[in-house]
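What follows is a set of notes on a single structure, which appears directly below.
This is a predicted model, so every value here is computed, not measured.
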Amino acid sequence: MEENKVPLHVSMIMDGNGRWARLKGKERIEGHREGVESVRACTEYAIEKGIGYLSLFAFSEENWGRPDSEVSFLMELMVKAMVAELPSFMENGIRFRVLGNRERLTQELKDVIDDCMERTASNSRLNLIVFLSYSGKWDILQAAKRFAADMLADSAGPERLNDTGIGDFEKYLVTAGIPDPDLIVRTSGEKRMSNYLLWQGAYSEFYFTDVLWPDFRKGEFQKALDSYALRERRYGKVFK
């Protein structure tokens, strides 16, 4: 194992809060509340391991179809968590960002997000990115629309189009300037992308675990990193 083979960007699909609560005989919201503790633990461990980017799939666009009471609780939980964690972000040099479709977010949540992002903008020890009201298909579609609008507004657009490369298009994704994830971790035993980082995860390594998100702490994080250290990333090429 290559102990020093640490991924630059680890992304996590945090799954299993509801099942964790059910197994404990508790309401689903208690699983979400306990899941916040796993976020804190993983953030601390990412800093300890020297990981540059930790991103978390917190809420998908499809999640808006959940019961209103659960959605409202999740939004309130996010507001409280950001306010509570801001001092820690500043103390530990964490730059905090939220990416996704903001149209359905409450104004209170938008304001707290903006404040937290602005205050931590100069921090550089760890980039903590939360994907909220996000889907990979939405991201690609909004990027395509913005790209097309720029081409149409440019008199040289038709000529430029033929010379456009992947890097030119990626600038329109919400993750512009953020390296693609080296490792994507999914908890709870599910083995699918769930419409997450469809473009950015094209060559990511995957790690699936049966552990439910509220139980995913530093030891489980290390298991994922150990698995990654054993991988040989070829990006479609053949290495001797």
Side-chain angles (χ1 to χ4, degrees), residues 9-18 21 28-29 31-36 38-40 42-43 53-86 89 94-121 127-147 149 169-178 180-181 184-188 190 192-201 204 213-214:
H9 182 178
V10 177
S11 193
M12 296 187 174
I13 300 175
M14 307 181 293
D15 198 9
N17 291 345
R28 287 177 58 86
I29 60 175
H32 297 309
R33 185 176 282 118
E34 188 66 22
V36 173
S38 291
V39 171
R40 183 179 293 113
C42 288
T43 301
Y53 295 80
L54 176 65
S55 59
L56 309 168
F57 195 17
F59 193 87
S60 72
E61 283 212 298
E62 290 78 13
N63 288 155
W64 288 109
R66 292 185 177 187
D68 290 344
S69 59
E70 183 176 353
V71 171
S72 296
F73 174 82
L74 284 169
M75 296 300 128
E76 292 173 6
L77 183 63
M78 290 175 194
V79 168
K80 292 177 181 178
M82 280 185 277
V83 171
E85 294 301 320
L86 182 56
F89 292 162
I94 298 171
R95 182 181 181 186
F96 180 78
R97 281 183 272 186
V98 174
L99 302 177
N101 185 354
R102 290 190 171 201
E103 290 183 2
R104 298 175 69 175
L105 302 183
T106 64
Q107 190 58 51
E108 179 188 21
L109 181 52
K110 292 177 185 177
D111 291 343
V112 171
I113 289 171
D114 288 341
D115 181 63
C116 199
M117 288 177 61
E118 181 179 350
R119 293 194 188 193
T120 64
N127 289 271
L128 179 61
I129 302 157
V130 174
F131 287 90
L132 179 61
S133 189
Y134 175 88
S135 82
K137 290 183 177 180
W138 164 82
D139 192 7
I140 295 170
L141 179 59
Q142 66 84 29
K145 288 179 177 178
R146 292 169 56 209
F147 174 75
F169 182 75
E170 287 180 332
K171 297 174 183 177
Y172 292 86
L173 297 169
V174 296
T175 52
I178 297 171
D180 292 340
I184 296 178
V185 176
R186 179 161 190 159
T187 60
S188 86
E190 304 294 346
R192 58 178 181 271
M193 287 288 286
S194 293
N195 201 4
Y196 179 57
L197 296 181
L198 300 181
W199 178 288
Q200 299 88 339
S204 299
W213 177 250

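- Atoms OG1 and CZ, on Thr43 and Phe96 in that order, are 9.5 Å from each other to the nearest 0.5 Å.
- A salt bridge between Asp115 and Arg119 is present, with a side-chain N of the basic residue lying under 4.0 Å from a carboxylate O of the acidic one.
- When side chains are defined from C-beta on, Ile178 does not count as touching Asn127, because their heavy atoms never get closer than 4.5 Å.
- Taking OG of Ser55 as the start and CG of Leu99 as the end, the distance is 9.0 Å to the nearest 0.5 Å.
- Distance check: Arg97 CZ to Ile129 CD1 gives 5.0 Å after rounding to the nearest 0.5 Å.
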N/O donor-acceptor pairs under 3.5 Å from side chains in residues 74-83, not counting sequence neighbours:
none

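- Contact record, Val98 with Met117: N-SD, 3.6 Å, taken as the closest heavy-atom pair.
- Nearest approach of Gln200 to Pro181, heavy atoms of both residues: O-CD, 3.6 Å.
- Of all the heavy atoms in Leu86 and Cys116, the pair that sits closest is CD1-SG, 3.8 Å.
- Using a 4.5 Å cut-off on side-chain heavy atoms (C-beta onward), Met12 and Cys42 make contact.
- Side-chain polar atoms of Asn101 and Gln142 form no donor-acceptor pair below 3.5 angstrom.
- With hydrogens and angles disregarded, no donor-acceptor distance shorter than 3.5 Å links the side chain of Asp180 to the backbone of Gly201.
- Here CG of Asp111 is found 8.5 Å from OG1 of Thr106. Values are rounded to the nearest 0.5 Å.
- Around the CD atom of Glu103, the shell of radius 6.0 Å holds no more than 12 heavy atoms that belong to other residues, nucleotides or ligands.
- When side chains are defined from C-beta on, Leu132 counts as touching Leu109, because their heavy atoms get closer than 4.5 Å.
- With contacts defined as side-chain heavy-atom distances shorter than 4.5 Å, the pair Val71/Asn63 does not qualify.
- The aromatic rings of Phe169 and Phe147 sit perpendicular to each other, their planes meeting at more than 60°, with 30° as the lower class boundary.
- Residues Trp213 and Val39 are in side-chain contact: their nearest non-hydrogen atoms beyond the backbone lie under 4.5 Å apart.
- Counting all heavy atoms, side chain and backbone alike, Glu34 lies closest to Pro214 at CG-CB, 3.7 Å.
- Asp114 CG to Arg102 CZ: the interatomic distance, rounded to the nearest 0.5 Å, is 4.5 Å.
- Taking the side chain as every heavy atom from C-beta outward, His32 and Glu70 approach each other to under 4.5 Å.
- Every residue two or more places apart in sequence or in another chain that forms a ring-ring contact (aromatic ring centres under 6.0 Å, His included) with Phe131 is listed here: Tyr134, Tyr196.
- Looking at Ser133 and Trp64, their side chains come closer than 4.5 Å, going by heavy atoms from C-beta outward.
- The CD1 atom of Ile94 sits 9.0 Å away from atom OG1 of Thr120, with the distance rounded to the nearest 0.5 Å.
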side-chain contact (heavy atoms from CB on, under 4.5 Å) assessment of Ser60 paired with Asn195: CA-CA 8 Å; Ser60 72; Asn195 201 4; over 6 Å; no

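- Shortest non-hydrogen contact noted between Arg28 and Arg66 is NH2-NH1, 3.6 Å.
- Side-chain contact check for Glu170 versus Leu173: some heavy-atom pair is nearer than 4.5 Å.
- Across every non-hydrogen atom of Asp139 and Val174, the tightest pair is OD1-N, 3.1 Å.
- Side chain of Thr187 to main chain of Met14: no donor-acceptor pair is present (N/O by atom type, distance under 3.5 Å, no hydrogens or angles).
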